[in-house]
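Report on one structure; see the data block that follows.
Each chain gets a letter, A, B and so on, in the order its sequence line appears, and its residues count up from 1.
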Amino acid sequence: MYGLGIIRGMGITLKHFVDTYVDDLRFLGKRYYDESSLKVRQGPKAAGAFTVQYPEEKLAMPERFRFVPFLLFEENEDGTTQDRCTSCGICSKVCPPQCIWIERTKDPVTKRPVPEPKDFHIDIDICMNCGYCAEFCPFDAIKMDHDYELSSYDRTSAHVFNKERLSKPVSYYASIRPNFFLAEEKVRAEENKKKAKQAEAKAKAKGGGKAKAAAPAPAAAAPAAVAEAPAPAAAPAASAADLDAAAKKKALAEKRKAMIAARKAKKGK
Amino acid sequence: MAAPATPNTETEVLSLEEKFAGIASPDTREGYEGYIIAADKAEEVVKYIRDDLGYDYLSSVTGVDYLEDDHMEVVYHAFKTEGGPALNFKIQTDRENPRVPSITHLYPAAEFQEREAYDMYGILFDGHPDLRRILMWDDFEGWPMRKDWKEAYYEAETKPFKNRWPGGDVYRIEANNPFNKNVVYPEGFNLNGYNPLGDKTLYDMLNQYDRGGSNLKTDQIVVNIGPQHPSTHGVFRMVVRLDGENVNALKPVFGYLHRNHEKIGERNTWLMNMPYTDRLDYLTSMCNNHAYALTVEKMMGLEVPERADYIRVLMNELTRIASHLWATGFLLNDLGAFQTPMLYLIKNRELILDFFEATSGTRMMCNYSRFGGVAYDLPDTLRDENTMDWLHEMIHERLPRGLEELERFLSNNEIVRTRAIGLSPVTAQEAIALGMSGPMLRAAGVPYDVRRAEPYGIYDRFDFDIPVGTTGDVYDRYLVRVNEIRESIKILKQCLRDMPAKGDIMSVKPGYTHKVPAGEAYGRGENPKGELGFYCVSKGKGHPYRYHIRAPSFINLTGLEKLCVGTKIADVVVVLGSIDIVLGEVDR
């Protein structure tokens with residue numbers, strides 16, 4: 001019958017309309033402005049109106065969400081802060097649109113470079129949020145942020161972030177990416193242990209007692225931080241797999257060696 | 001139209017070097033393949049390739065500038081529509097006076113691509129029907145892709161740049177070369193007496209068209225649709241010649257979003273190009289990443305771990321669904337069903353993007369593939385739900401339900417059927433000749449899908465069908481897309497079932513420098529819009545020497561004039577919607 005398709009289409013529109021009100025009943029009036037119901041409303045079992053009442057309600061960012069990078073600093077117990085960044089410049093090298101500029105520090109007396117940036121600039125208008133800087137930073141010093149509300153009235157100077165604007169404490173990082181933080185801290189603790197052992201061995205070889213006393217101190221501080229950090233509820237077995245990244249890396253390296261050998265053998269033929 | 005002749009079955013088909021000794025010689029440079037053809041006999045050889053060897057589908061045409069060797073090259077990649085690897089042939093020409101015979105009369109698919117090669121390299125194609133600039137504006141001076149050409153805000157040959165902010169002062173590169181001063185005029189140029197001829201040429205060209213046999217004393221008018229027009233899906237312009245409401249000539253004009261992506265790509269390192277590929281077809285960044293990674297992996301000889309391959313397929317097929325939902329939604333928008341049905345479709349797309357966001361960190365600019373795997377493993381949870389449960393719910397329940405609803409309220413809708421059935425049909429031969437790919441080609445009845453014709457990744461493990469249409473009209477294109485969503489769901493179900501629960505996601509140690517052995521490679525993947533190809537040339541350095549993109553949206557537009565002539569002006573919008581273009585990819 002002519003017109004049946006249109007009636008059917010209208011029926012579906014009506015169904016969507018009614019669904020929203022039926023869904024309201026399901027949440028007993030708590031459909032909006034409620035975090036737990038928002039998650040259901042935005043999940044695969046959602047029915048009815050799908051919109052989020054931004055800015056009154058905001059979707060929680062997934063842990064991996066990435067936006068403009070920020071710099072991490074450690075908060076020491078005595079109130080001083082320590083940048084993790086050593087101004088090695090890998091982030092500015094891998095940056096595809098080349099938006100990072102680091103000013104390196106030089107010791108005023110010895111004129112030697114100090115592993116701490118004097119200033120650090122990111123032009124966030126140029127930044128394409130690819131996340132390479134965070135991915136390849138060997139010191140876990142630069143990470144991608146969750147803060148996406150960056151509008152300003154000034155297009156030029158306000159959008160070149162300096163070190164002060166970029167720096168955020170490690171505790172902030174731990175709050176936005178708990179799983180990543182725990183995995184990284186574990187690797188760092190292991191590395192510190194290794195370093196301490198090496199230092200110890202060196203000290204023994206030298207026979208000097210001073211170095212021995214100084215080296216293990218920072219190493220001991222790091223594992224303690226891991227133990228204290230609250231384990232989030234959603235950190236099940238898979239993230240535990242991430243934790244032994246060191247072992248994985250080793251396996252990968254071996255695999256790669258084998259592959260290279262195989263390729264060479266192929267070429268030889 | 002160039003209908004492929006039936007292959008000569010009586011005598012055995014000779015290979016190129018046997019048939020054309022001395023004319024077509026194998027390319028012996030290290031890492032290269034294919035043939036180099038003498039320019040003066042090219043016509044004969046290309047005809048043989050098409051008719052006797054059976055390579056009826058011309059995929060990509062592009063130029064390469066070998067500055068050190070002082071010559072330029074036009075590289076062609078042709079395929080057989082029954083499947084199989086490419087035949088790669090090249091014609092070399094000198095840099096001073098580059099001239100190459102055009103092959104548009106043999107392969108109409110070459111029309112826009114030859115224009116692009118002319119636009120970017122200044123290579124003149126003898127016998128091309130309409131050799132104008134295509135991406136740059138008509139009065140542009142210089143050939144942007146040549147190796148000795150430098151852009152207005154030139155900093156250095158390759159990244160990383162040494163002196164982005166010399167002396168530590170933060171400033172913008174525009175300060176070097178402020179706006180209005182970034183244009184270099186040719187010598188003796190009189191700015192005041194300047195009268196741009198580009199549009200006038202275009203209008204004059206359209207006026208030459210046959211005015212039809214009507215004996216009514218009507219006048220014909222030239223109308224511009226776009227570049228700012230909601231129905232053109234971006235900054236795209238069609239110049240149409242109208243007789244009443246009938247379209248009797250049409251020329252697409254584009255390049256408004258041109259940013260010389262390929263030149264940027266040649267300044268970048270191999271890895272830096274990955275996030276740039278996101279910005280090509282910004283609705284399908286996962287597929288773009290995959291195709292680019294495939295190309296570079298081909299050159300480097302890298303293997304991909306099993307789990308990473310499954311994740312890539314998972315992402316590709318979800319992207320395909322999202323993109324087809326978008327395309328169908330906007331086709332309805334173009335048909336006049338404004339916004340409402342589109343939003344029903346986009347609901348499901350939003351959920352897919354949620355998954356992308358949880359996995360890669362971004363909804364659209366995913367930057368997810370790496371050479372030798374993917375960047376991250378799947379997340380443990382998604383909106384506080386186990387990811388695998390979420391995916392299961394999505395693939396087994398939500399998406400099929402959404403598809404069913406879509407079919408219920410659209411496929412038999414009288415308005416859709418009246419508007420779309422029989423509108424701008426295209427035959428299989430025409431579609432192949434015009435180089436159409438993806439749903440456009442399959443709607444015309446050619447079951448050609450890269451996933452089947454030349455399987456990449458692990459696509460040979462899945463059981464799926466290739467939906468085809470019969471007449472190639474707008475309704476068939478719509479149906480092919482809907483059925484492709486169904487097939488994608490089928491693949492996804494198998495993917496979810498067979499995916500190893502744990503495993504490596506990278507076969508090599510992640511790193512940011514890649515040594516790619518010298519040579520060339522053409523990698524391609526089946527994007528939702530069609531065949532996305534990357535042609536890369538490496539000189540063994542950290543940067544691609546040539547980085548070319550065979551953009552499906554761009555090449556599908558080659559047939560736009562053919563599709564639109566004879567339709568009404570209101571239908572032009574629908575036809576364009578049914579091609580499903582994304583301007584980020586068309587203009588590059």
Checklist entry - Between His16(A) and Tyr344(B), what is the ring plane arrangement, given parallel below 30°, perpendicular above 60°, and tilted in between? => result parallel

Item to check | Contact winner vs chain B - Leu59(A), Asn129(A), Asp119(A), heavy-atom pairs under 4.5 Å | outcome: Leu59(A)

Item to check | Check: Glu393(B) and Lys45(A) side chains under 4.5 Å, non-hydrogen atoms | outcome: yes

Item to check | Nearest non-hydrogen partners of Arg66(A) and Asn367(B), listed with the distance | outcome: NH2-CB, 3.9 Å

Item to check | Side chain to side chain, Lys93(A) and Phe161(B), heavy atoms closer than 4.5 Å | outcome: no

Item to check | Flag side-chain contact, heavy atom, 4.5 Å: Lys39(A) against Glu385(B) | outcome: no

Checklist outcome for this item: Heaviest contributor of heavy-atom pairs below 4.5 Å to chain A, chosen from Ile264(B), Leu399(B), Leu351(B), Ile346(B), is Leu351(B)

Next on the checklist: Any heavy-atom pair between the side chains of Asn412(B) and Leu4(A) that's under 4.5 Å?
Outcome noted: no

Item to check | Side chains of Arg8(A) and Phe409(B) in contact at under 4.5 Å (non-hydrogen atoms) | outcome: no

Checklist entry - How long is the gap from OG1 on Thr340(B) to CD1 on Ile12(A), to the nearest 0.5 Å? => result 12.5 Å

Checklist outcome for this item: Heavy-atom closest pair (Asp354(B) atom, Gln42(A) atom, distance to 0.1 Å) is OD2-O, 3.7 Å

Checklist entry - Looking only at heavy atoms, which two atoms of Arg279(B) and Met128(A) are closest? And how far apart? => result NH2-O, 2.8 Å

Checklist entry - Does some side-chain heavy atom of Thr362(B) sit less than 4.5 Å from a side-chain heavy atom of Phe67(A)? => result no

Checklist entry - Are side-chain heavy atoms of Ile6(A) and Asn413(B) found at a separation under 4.5 Å? => result yes

Item to check | Note, Tyr132(A) side chain near Pro275(B) side chain (heavy atom, < 4.5 Å) | outcome: yes

Checklist entry - Hey, is the main chain of Gln98(A) close enough, under 3.5 Å, to the side chain of Lys159(B) for a donor-acceptor pair? => result no

Next on the checklist: Whether the side chain of Arg64(A) engages the backbone of Thr359(B) through a donor-acceptor N/O pair (distance < 3.5 Å, no angle test) should be reported.
Outcome noted: yes

Checklist outcome for this item: With chain B, the option among Pro62(A), Pro44(A), Ala60(A), Ala46(A) that has the most non-hydrogen atom pairs under 4.5 Å is Pro44(A)

